[in-house]
Amino acid sequence: QVQVVESGGGLVQAGGSLRLSCAASGASFRFNAMGWYRQAPGKQRELVAVLTNAGSAQYTDSLKDRFTISRANAMNTVYLQMSSLKPEDTAVYYCNAVYGVTTYWGQGTQVTVSS
């Protein structure tokens, strides 16, 4: 009954910022890792950032200077802070939560960056 829900997407002008939130509910345990992926029109889903329970973060190299993943105060909740947004950042952003070999996915939140 695990549910992963993203929020915070929307329309923003180039150069602006957004903070996405992801809440994974329905589990009594802490997930081993939570992460963000995105899928732009005509492209495959790609990794944005992952945060482990131990606090280690990893990013796609091209995004690490602008995007930051962090944990919220609530258990199994993470943020993705995005700054200096570009039109090519336009995509559906998906959150996932990993426990062992099982990965749970959210439905995605749309981020649109206008020129």
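What's counted below: heavy atoms across the whole structure, side chains too, no hydrogens, waters or symmetry copies.
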Chemist: So does Glu88 have more than 12 non-hydrogen atoms from other groups sitting under 6.0 Å from CD?
Modeler: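 Counting neighbours around CD of Glu88, more than 12 heavy atoms of other residues, nucleotides or ligands fall under 6.0 Å, so yes.
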Chemist: Would you mind reporting whether Val50 and Trp36 have side-chain heavy atoms less than 4.5 Å apart?
Modeler: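 They are not in side-chain contact.
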Chemist: Under 6.0 Å from the CD atom of Gln3, do we count more than 12 heavy atoms belonging to anything else shown?
Modeler: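 It does not: Gln3 CD has 12 such atoms or fewer within range.
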Chemist: Can Arg38 and Tyr93 be counted as having a side-chain donor-acceptor contact under 3.5 angstrom?
Modeler: yes
Chemist: Is there a continuous path of hydrophobic side-chain contacts, each under 4.5 Å between heavy atoms, that joins Leu63 to Tyr79?
Modeler: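 Different hydrophobic clusters.
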Chemist: Let me confirm one number: the CD1-OG distance from Ile69 to Ser56, rounded to the nearest 0.5 Å.
Modeler: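 Rounded to the nearest 0.5 Å, the CD1-OG separation comes out at 11.5 Å.
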Chemist: Mind listing the closest non-hydrogen atom pair of Pro87 and Ser115 along with its distance?
Modeler: CG-OG, 3.7 Å
Chemist: Got a donor-acceptor contact below 3.5 angstrom from the Asn96 side chain to the Gly35 backbone?
Modeler: yes
Chemist: Please report the closest heavy-atom contact between Val111 and Gly9, naming both atoms and the distance.
Modeler: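 So the minimum-distance heavy-atom pair works out to CG2-CA, 4.1 Å.
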Chemist: Filter on salt bridge (Lys or Arg N to Asp or Glu O under 4.0 Å), then keep only pairs touching residues 5-25, sequence neighbours left out; what's left?
Modeler: none
Chemist: Of all the heavy-atom pairs spanning Leu80 and Val48, show the shortest one and how long it is.
Modeler: CD2-CG1, 4.1 Å
Chemist: Taking all heavy atoms of Tyr94 and all of Gly106, pick out the closest pair and write down the distance.
Modeler: CD2-O, 3.6 Å
Chemist: Kindly give the heavy-atom pair with the smallest separation between Ala49 and Tyr59, and that separation in Å.
Modeler: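 What the structure gives for the nearest pair is CB-CD2, 3.4 Å.
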Chemist: How long is the span from the SG atom in Cys95 to the OH atom in Tyr104, to the nearest 0.5 Å?
Modeler: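 Spacing of SG (Cys95) from OH (Tyr104) equals 13.5 Å.
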Chemist: State, to 0.1 Å, how close Arg66 and Leu85 come at their nearest heavy-atom pair, and which atoms those are.
Modeler: NH1-CA, 3.9 Å
Chemist: Output the rest of the hydrophobic cluster of Val98: all Ile, Leu, Val, Met, Phe, Trp and Tyr residues reachable through side-chain heavy-atom contacts under 4.5 Å, sorted by chain and number.
Modeler: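 Under the 4.5 Å side-chain rule, Val98 groups with nothing.
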Chemist: At what distance, to the nearest 0.5 angstrom, does CZ of Phe67 lie from OG of Ser17?
Modeler: 10.0 Å
Chemist: Step by step, work out the side-chain contact (heavy atoms from CB on, under 4.5 Å) result for Gln81 and Ser70.
Modeler: CA-CA 8 Å; Gln81 180 67 49; Ser70 62; over 6 Å; no
Chemist: Is a side-chain donor or acceptor of Asn32 paired with a backbone partner of Asn53 at a separation under 3.5 angstrom?
Modeler: no
Chemist: With a 4.5 Å cut-off on side-chain heavy atoms, are Arg30 and Met75 touching?
Modeler: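 A side-chain contact exists here, since the closest heavy-atom pair is under 4.5 Å.
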Chemist: I'd like to check Leu20 versus Met82 (side-chain heavy atoms, cut-off strictly below 4.5 Å). Are they in contact?
Modeler: yes
Chemist: With ring pair (Phe, Tyr, Trp, His ring centres under 6.0 Å) as the criterion, how do Phe29 and Tyr99 come out once you've worked through the C-alpha distance, each side chain's angles and the decisive distance to 0.1 Å?
Modeler: CA-CA 9 Å; Phe29 51 84; Tyr99 187 77; 3.8 Å; yes
Chemist: Which residues pass the side-chain contact (heavy atoms from CB on, under 4.5 Å) test with Gln110, not counting sequence neighbours?
Modeler: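 Partners of Gln110 under the side-chain contact (heavy atoms from CB on, under 4.5 Å) test: Thr90, Val92, Thr112.
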Chemist: Mind checking whether Thr109 and Val5 have side chains closer than 4.5 Å, heavy atoms only?
Modeler: no
Chemist: Check the pair Tyr37, Trp105 against ring pair (Phe, Tyr, Trp, His ring centres under 6.0 Å), reporting the backbone distance first and the verdict last.
Modeler: CA-CA 10 Å; Tyr37 290 70; Trp105 288 93; 5.1 Å; yes
Chemist: As a test of understanding, state which of Gln58, Arg71, Met34 forms a side-chain contact (heavy atoms from CB on, under 4.5 Å) with Leu51.
Modeler: Arg71
Chemist: Do the side chains of Leu11 and Ser114 get nearer than 4.5 Å, heavy atoms only?
Modeler: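 Answer yes - side chains close enough.
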